[in-house]
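Remember, it's 1-based here, ligands and their atoms both numbered in the order they're listed.
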Amino acid sequence: MNHRILGLTVRNFRTLTDTKLPLGALTVMVGPNAAGKSNVFHALEFLRGVSHDGIASALTERGGFERVAFRGGPKPVSRITIGVEGIWSEFASEESPDRYELSVNRRRVSTLEHRLYRHERFTQHPRQDTETSVELKSAAVEVNSPLATDGLEDPAGIDRMASALHRPLPWTTDSPTAHAVAEISRHLSEVRVFDPDVRAARQPSPITSSGRHLEDDASNLADFLKTLQAIRNDKGRRYVWEALLNDVRAVIPQIRDVHVVDTPGTYDHLSIELEEEGLRGRTRLEDASFGTVRVLCLLAIFHDPEPPALTCIEEIDHGIHPHALELLAGRLREASRRAQFLITTHSPVFVSELTPEEFVVCERGTDGASRIPALTPDEVQEVIDASEGMPIGELWFANTLGGGL
Ligand SMILES: Nc1ncnc2c1ncn2[C@@H]1O[C@H](COP(=O)(O)OP(=O)(O)OP(=O)(O)O)[C@@H](O)[C@H]1O
Ligand SMILES: [Mg+2]
């Protein structure tokens with residue numbers, strides 16, 4: 001089944017006081033510095049943190065409730081909410097999506113003490129015309145389902161911060177609702193927020209069994225490229241690697257070949273070496289240019305035949321020549337047929353490759369809150385129609401679409 005997140009809802013998390021962001025196969029956010037684009041990534045990363053480590057740890061890792069709660073407005077925020085809707089159960093659809101929503105409430109319990117409580121709600125469609133829900137509120141779990149198999153063994157006495165995204169509930173049987181909840185949890189646990197650390201990507205990477213995906217910081221680049229190299233079709237051709245190499249050569253013409261080699265002096269590390277036009281010997285990735293490393297990282301992600309369900313990419317244009325961005329945008333669109341991508345950029349050239357549905361203008365008001373999206377796709381389309389064919393990137397740069405200074 002092709003799981004997809006159709007939308008993200010955030011309230012009072014950092015600058016996102018009231019954000020309802022529809023997500024397509026490819027969604028690209030633009031807007032001034034500090035508009036709140038990365039805060040959208042933080043919200044998704046927060047849900048990933050909850051699914052890995054639980055709510056309390058995810059909050060602690062980000063400095064606690066007060067640090068992540070919106071600091072604007074007349075009085076301190078007492079509730080943050082992050083939710084997603086999407087297709088996880090068999091009979092969910094765009095019209096009737098499944099939903100997950102997590103609220104964390106901060107309540108005063110005495111003159112000196114506040115306490116945090118979570119309210120978690122899952123809604124799914126495991127049978128035709130059947131909506132079921134699971135709600136965790138304080139110490140209670142409530143399952144609302146007409147299906148006989150959807151019972152819990154011991155619904156009482158759950159921790160007030162426990163999350164079913166993190167630990168499965170004690171279902172009595174093989175329950176279809178439990179299965180849908182597990183799918184939401186798995187999906188959110190796989191969200192990747194890609195923000196490569198070029199310095200780390202240049203270093204030899206250990207050979208691991210987790211070389212299946214490129215890590216958030218690209219620190220396993222060599223190991224992941226080796227994984228892509230090993231993929232062969234029926235005729236034994238390394239078709240993924242060949243396509244990736246062709247793109248590398250198109251974007252950085254002096255690169256003739258890319259090699260993944262055992263790092264000299266180690267048994268368990270891999271390094272990347274480049275063959276460059278006009279140069280004797282090979283260039284180690286440690287000595288390659290900043291943009292070369294970033295291009296390798298991005299192309300590795302776009303050529304991954306089985307990418308994680310959702311990849312967020314920070315500042316896709318960073319360090320990359322505008323002409324190269326056109327090719328990368330094409331590869332990104334192809335990759336978005338296999339998985340979902342959410343991107344930030346400051347490049348009008350990259351934006352010009354987008355359709356109005358893919359383009360999200362982000363702004364920040366004087367009240368400190370983000371406006372995301374600041375324009376609907378219809379409003380974007382109206383501006384495009386009135387411009388008589390001016391590229392969307394130029395319209396944005398000229399400040400006709402908002403998201404400028
Ligand atoms: N708890 C909070 N309450 C209100 N604002 C916050 C909170 N935490 C962070 N911020 C604000 O979020 C802003 C940064 O937002 P973000 O990183 O999402 O911007 P951005 O659009 O990604 O910008 P850039 O293009 O520079 O990367 C800062 O102005 C910071 O003060
Ligand atoms: Mg940012």
Side-chain angles (χ1 to χ4, degrees), residues 8-21 23 27-50 55-56 58-82 102-106 114 116 191-198 216-218 290 294 297-298 310-320 322 325 341-351 354 358-375 393 396-397 399 401-405:
L8 172 72
T9 311
V10 190
R11 285 189 291 278
N12 293 330
F13 180 87
R14 292 179 176 245
T15 57
L16 310 176
T17 53
D18 189 11
T19 295
K20 215 169 178 329
L21 176 64
L23 296 177
T27 309
V28 180
M29 293 184 285
V30 300
N33 295 118
K37 305 180 293 295
S38 297
N39 289 339
V40 170
F41 289 0
H42 285 298
L44 286 161
E45 228 178 354
F46 181 76
L47 293 185
R48 178 180 74 183
V50 170
I55 299 166
L59 275 173
T60 308
E61 202 178 303
R62 287 156 184 82
F65 182 91
E66 277 118 292
R67 179 101 168 264
V68 294
F70 177 58
R71 282 186 285 109
K75 52 183 193 334
V77 157
S78 59
R79 173 184 298 173
I80 59 175
T81 300
I82 307 180
L102 169 67
S103 292
V104 180
N105 302 302
R106 185 172 180 269
H114 284 89
L116 299 180
V191 168
R192 170 170 61 180
V193 180
F194 189 66
D195 188 7
D197 175 350
V198 168
D216 285 20
D217 64 355
F290 181 87
R294 291 217 19 128
C297 290
L298 292 172
L310 172 63
T311 296
C312 305
I313 303 181
E314 275 284 19
E315 313 286 358
I316 195 164
D317 51 289
H318 187 196
I320 295 176
L325 279 180
F341 288 87
L342 177 59
I343 311 285
T344 66
T345 186
H346 288 293
S347 163
V349 171
F350 187 78
V351 168
L354 305 174
E358 292 166 344
F359 171 75
V360 173
V361 177
C362 305
E363 292 184 342
R364 181 112 175 254
T366 47
D367 56 357
S370 296
R371 280 197 299 276
I372 303 178
L375 259 67
W396 168 59
F397 190 58
N399 226 348
L401 286 166
L405 287 181

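Residue contacts with ligand 1 for V68 involve N, CA, C or O but no side-chain atom from C-beta outward (heavy atoms, distance under 4.0 Å). When non-hydrogen atoms are compared, ligand 1 lies under 4.0 Å from the backbone of A69 (N, CA, C, O) but not from its side chain. Neither the backbone nor the side chain of H42 has any atom closer than 4.0 Å to an atom of ligand 1 (non-hydrogen atoms only).
Scanning for side-chain hydrogen bond (donor to acceptor under 3.5 Å, both in side chains) contacts around T311 gives R192, with sequence neighbours left out.
No heavy atom of E66 sits closer than 4.0 Å to any atom of ligand 1. Distances from ligand 1 to the non-hydrogen atoms of G36 include at least one value under 4.0 Å. For the ligand labelled ligand 1, residue P32 lies inside the 4.0 Å heavy-atom shell. At least one heavy atom of E315 sits under 4.0 Å from some atom of ligand 1.
Residue contacts with ligand 1: G72 is placed with no nitrogen or oxygen under 3.5 Å of a nitrogen or oxygen of the ligand (distance criterion only). Ligand 1 has no nitrogen or oxygen under 3.5 angstrom from a nitrogen or oxygen of G31. Considering backbone and side-chain atoms together, K37 places an N or O closer than 3.5 Å to an N or O of ligand 1.
For atom 13 (C) of ligand 1, the nearest non-hydrogen atom of the protein is R364 NH1, 3.6 Å.
Numbered from 1 in the order shown, with element, the atoms of ligand 1 that lie under 4.0 Å from a heavy atom of H346 read 25 (O). Interface of A35 with ligand 1, defined as ligand atoms under 4.0 Å from a residue heavy atom, comprises 19 (O), 20 (P), 21 (O). Residue F70 has at least one heavy-atom neighbour below 4.0 Å for each of these atoms of ligand 1: 3 (N), 4 (C).
Here S38 reaches the Mg ion (ligand 2): one of its N/O/S atoms is less than 2.8 Å from the metal.
At distances below 3.5 Å, at least one donor-acceptor pair connects side-chain atoms of R294 with backbone N or O atoms of H318.
Counting protein heavy atoms under 4.0 angstrom from atom 30 (C) of ligand 1 gives zero.
Classification of the F359-W396 ring pair by plane angle, with boundaries at 30° and 60°, yields perpendicular.
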